[in-house]
Asker: 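Before I ask anything, let me first share the structure, which is written out below as structure tokens.
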Amino acid sequence: MAAGYLDILRARHAARLLTGTLVGRLPNGTAHIAIVLFTRAEGGSYTLAGALAAAYGLATAVGQPLLGRAVDLYGQPRVQLPAAVLSALGMALLALTGLGSLPLAYLAVIVAGVATPPLEGGLRALWPSVLKGEGQVHRAYAMDAVAQEIMFTVGPLLVTLLVSLWSPAAALLVINAIGVLGALSVVLSEPSRTWRSAPREAHWLGALRSPGLLALLGAFFFVGLALGSITVAGVAYADDHGREAVYGWLMAALGLGALIGGLAYGARQWAGAPEKRLRVIVGLLALGYLPLTLTPSVPLMTFLAALAGVFLAPAIACSFIVVDRHAPRGTVTEAFSWLVTTFGVGAAVGTAVAGPAVELGSTAWSFAVAGAGGVAALVVLLATGKALAAPVRTAAVVTGSENDRNGAVEPGFSSGHKA
């Protein structure tokens with residue numbers, strides 16, 4: 001297992017691209033946590049905290065596919081870095097002005113969300129130009145998901161550490177400054193500077209003209225809803241137990257579980273259609289969310305949070321392959337950005353629903369939102385089996401790459417991208 005990951009990291013530019021992308025995505029990966037903690041510290045309610053986090057998530061959902069399409073059309077450096085700077089300025093505005101003017105606070109999070117650079121989709125567009133062979137690219141997808149879980153494990157702890165050492169406002173400023181440095185590292189790299197998208201068929205729907213991709217996005221909306229609701233539910237649970245640090249441990253445990261699951265998933269080559277495998281993984285993911293509604297003691301709840309996260313990274317890694325099989329050619333960054341968007345919309349809805357669930361019901365009710373989201377994701381995958389059974393392309397992920405100046409394209413396909 002370790003040898004396979006090391007082979008990928010030894011490839012020229014691979015470690016830099018992975019690290020830069022993760023650092024650059026730190027603001028986005030921790031934004032919901034930082035916004036909730038900042039709002040609570042400023043005296044705002046759970047409902048307001050959830051609404052601001054939801055506004056950020058929805059704004060991100062709008063911005064990601066638009067910026068992803070811009071990257072496909074104009075290249076990475078001309079889009080990624082200006083977007084990262086603008087997003088950081090939005091969060092700085094929130095940190096410096098507080099909640100004195102709610103319209104200004106909403107404007108700040110909306111700007112930060114819309115301008116979030118599509119680094120995640122950009123990295124997956126670069127893998128074929130850095131790595132060799134379909135197997136390495138698929139393993140890179142798994143490693144990508146694992147690395148994200150490291151960020152989601154460390155990120156909450158870093159935010160809570162910055163909050164305890166300084167303040168929630170300082171946490172917002174520091175995290176976003178770090179994010180700009182990560183984006184800068186990516187766009188200055190040779191693969192990012194030279195990458196060009198494959199020619200695309202002109203169509204106003206872009207990547208969304210694929211029924212299979214739409215089915216996948218529908219399912220992962222509900223996965224995002226589950227994760228978003230846990231963000232608010234975890235704060236409520238920590239408040240119930242009188243210790244702010246409990247929240248960081250719960251979120252870190254969720255990420256640690258996903259890290260373990262991702263490492264195990266990437267340790268082997270999987271046979272069979274990834275669409276069928278994804279249904280099994282999402283079913284297990286839904287099953288892991290349900291026990292959180294018990295809200296037991298802190299040690300047991302931390303264990304349940306880790307257990308709930310085990311199938312998250314495998315679900316994400318498998319979804320990357322499904323995106324590759326169903327997205328039209330020339331929409332590489334846009335297609336993966338739509339996956340980020342569905343997470344963003346789902347997380348926004350989850351945070352918006354979980355806040356009132358705490359105030360009108362209990363902490364257990366807000367965790368029940370997560371369980372319902374997991375079950376709904378499975379139902380969508382089961383109901384859209386026909387659409388998912390007809391991929392645009394089969395498996396040749398790296399027959400050519402979108403960075404291949406020779407324009408190698410798999411024979412027999414007029415559309416289908418290399419991710």
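Note that the coordinates shown come from a computational prediction; the quantities given were computed from them, not determined experimentally.
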Asker: Apply the test side chain to side chain contact (heavy atoms under 4.5 Å, CB included) to residues Thr231 and Tyr247: give CA-CA distance (whole Å), side-chain angles for both, the deciding distance (0.1 Å), then the verdict.
Answerer: CA-CA 9 Å; Thr231 300; Tyr247 179 68; 3.2 Å; yes
Asker: Between the side chain of Gln76 and the main-chain N/O of Gly122, is any donor-acceptor distance below 3.5 Å?
Answerer: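 A pair under 3.5 Å: yes.
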Asker: To the nearest 0.5 Å, tell me how far Thr21 OG1 sits from Arg16 CZ.
Answerer: 10.5 Å
Asker: At their closest point, which heavy atom of Thr47 faces which heavy atom of Pro356, and how far apart are they?
Answerer: OG1-N, 4.4 Å
Asker: State, yes or no, whether a side-chain contact exists between Leu217 and Leu208 at a heavy-atom distance under 4.5 Å.
Answerer: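 Side-chain contact under 4.5 Å: yes.
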Asker: How far apart are the closest heavy atoms of Thr341 and Pro65, and which atoms are they?
Answerer: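 Minimum heavy-atom separation between Thr341 and Pro65: OG1-CD, 2.8 Å.
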Asker: Strictly distance-based, threshold 3.5 Å: is any side-chain N or O of Ser129 a donor or acceptor partner for the main-chain N or O of Leu126?
Answerer: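 Such a contact is found between Ser129 side chain and Leu126 backbone.
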Asker: Enumerate, atom names and distances included, each donor-acceptor pair closer than 3.5 Å involving a side-chain atom of residues 174-187, sequence neighbours excluded.
Answerer:
unit_1: Asn176; atom_1: ND2; unit_2: Leu172; atom_2: O; d: 2.8

Asker: Check step by step if side chain to side chain contact (heavy atoms under 4.5 Å, CB included) holds for Ile230 and Tyr289.
Answerer: CA-CA 9 Å; Ile230 289 175; Tyr289 286 144; 3.8 Å; yes
Asker: Might you point out which heavy atoms bring Val137 and Pro128 nearest each other, and give the distance in Å?
Answerer: CG2-CA, 4.3 Å
Asker: Are the side chains of Phe220 and Leu278 in touch, meaning some heavy atoms are under 4.5 Å apart?
Answerer: yes
Asker: Under 3.5 Å, sequence neighbours excluded: what are the donor-acceptor pairs made by side chains of residues 291-315?
Answerer:
unit_1: Thr293; atom_1: OG1; unit_2: Leu290; atom_2: O; d: 2.8
unit_1: Thr302; atom_1: OG1; unit_2: Val298; atom_2: O; d: 2.8

Asker: Could you give the side-chain donor-acceptor pairs of residues 33-43 under 3.5 Å, partners two or more places apart or in another chain?
Answerer:
unit_1: Thr39; atom_1: OG1; unit_2: Ile35; atom_2: O; d: 2.8
unit_1: Arg40; atom_1: NH1; unit_2: Gly44; atom_2: O; d: 3.0

Asker: Answer yes or no: is there a side-chain heavy-atom contact under 4.5 Å between Phe336 and Leu123?
Answerer: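 A side-chain contact under 4.5 Å is absent here.
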Asker: Leu9 and Met143: side chain to side chain contact (heavy atoms under 4.5 Å, CB included), yes or no, with the steps?
Answerer: CA-CA 10 Å; Leu9 292 176; Met143 184 182 69; 4.0 Å; yes
Asker: List for me each residue that meets side chain to side chain donor-acceptor pair (under 3.5 Å) alongside Ser229, sequence neighbours excluded, and say none if there are none.
Answerer: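 Side chain to side chain donor-acceptor pair (under 3.5 Å) list for Ser229, sorted by chain: empty.
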Asker: Are Pro118 and Gln80 packed together at the side-chain level, in the sense that at least one heavy-atom pair is separated by less than 4.5 angstrom?
Answerer: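 Answer yes - side chains close enough.
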Asker: Side chains of Phe222 and Val379: does their closest heavy-atom pair fall under 4.5 Å?
Answerer: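 A side-chain contact under 4.5 Å is absent here.
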Asker: Drop me the distance from Leu339's CG to Leu213's CG, to the nearest 0.5 angstrom.
Answerer: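 Going from the CG atom of Leu339 to the CG atom of Leu213 covers 8.0 Å.
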Asker: Check whether any side-chain heavy atom of Val282 sits under 4.5 Å from a side-chain heavy atom of Val380, and report yes or no.
Answerer: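 A side-chain contact under 4.5 Å is absent here.
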Asker: How many angstroms lie between atom NE2 of His32 and atom CG of Asn28, to the nearest 0.5 angstrom?
Answerer: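 Result: 7.5 Å between the selected atoms.
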Asker: Is it the case that Arg277 and Tyr265 place a side-chain donor and acceptor less than 3.5 Å from each other?
Answerer: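 Present: a donor and an acceptor within the cut-off.
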Asker: Is the shortest side-chain N to carboxylate O distance from Glu275 to Arg279 below 4.0 Å?
Answerer: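 Salt bridge absent between Glu275 and Arg279.
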Asker: Dump the intermediate steps for side chain to side chain contact (heavy atoms under 4.5 Å, CB included) on Trp249 and Leu256, then the final yes or no.
Answerer: CA-CA 10 Å; Trp249 285 112; Leu256 179 62; over 6 Å; no
Asker: Looking only at heavy atoms, which two atoms of Ala142 and Ala317 are closest? And how far apart?
Answerer: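 Residues Ala142 and Ala317, closest heavy atoms: CA-CB, 3.8 Å.
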Asker: If you round to the nearest 0.5 Å, how far is OG1 of Thr384 from CG of Leu216?
Answerer: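 Interatomic distance, Leu216 CG to Thr384 OG1, rounded to 0.5 Å: 8.5 Å.
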Asker: What are the two closest non-hydrogen atoms of Ala61 and Val345, and how far apart are they?
Answerer: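 Closest approach of Ala61 to Val345, heavy atoms only: CB-CG2, 3.1 Å.
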Asker: Working to the nearest 0.5 angstrom, can you tell me the gap between Thr60 OG1 and Ile110 CD1?
Answerer: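 Between Thr60 OG1 and Ile110 CD1, I get 10.5 Å after rounding to 0.5 Å.
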Asker: I'd like to know whether the aromatic ring centres of Tyr141 and Trp127 sit less than 6.0 Å apart in this structure.
Answerer: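 No, too far apart.
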Asker: For Leu66, check side chain to side chain contact (heavy atoms under 4.5 Å, CB included) against everything at least two apart and list the hits.
Answerer: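 Here the qualifying residues are Val62.
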Asker: Are the side chain of Ser87 and the backbone N or O of Ala115 linked by a donor-acceptor pair below 3.5 Å?
Answerer: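 Judged by distance alone, no pair lies under 3.5 Å.
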Asker: If only atom types and distance count, is the side chain of Asp72 paired as donor or acceptor with the main-chain N or O of Glu334 below 3.5 Å?
Answerer: yes
Asker: Does Thr160 reach the main-chain N or O of Leu157 with its side chain, forming a donor-acceptor pair under 3.5 Å?
Answerer: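 The answer is yes, because a donor-acceptor pair under 3.5 Å joins these two groups.
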Asker: Could you give all pairs that pass the ring pair (Phe, Tyr, Trp, His ring centres under 6.0 Å) test and reach residues 344-386, with sequence neighbours left out?
Answerer: none
Asker: Output, in order, the C-alpha distance, side-chain angles, deciding distance and verdict of side chain to side chain donor-acceptor pair (under 3.5 Å) for Gln64 and Thr116.
Answerer: CA-CA 7 Å; Gln64 285 292 291; Thr116 297; 5.1 Å; no
Asker: Once you round to the nearest 0.5 Å, how far does CG of Leu119 lie from CG of Leu26?
Answerer: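 Output value for this atom pair is 11.5 Å.
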Asker: At their closest point, which heavy atom of Ala108 faces which heavy atom of Gly90, and how far apart are they?
Answerer: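 That closest heavy-atom pairing would be CB-O, 3.3 Å.
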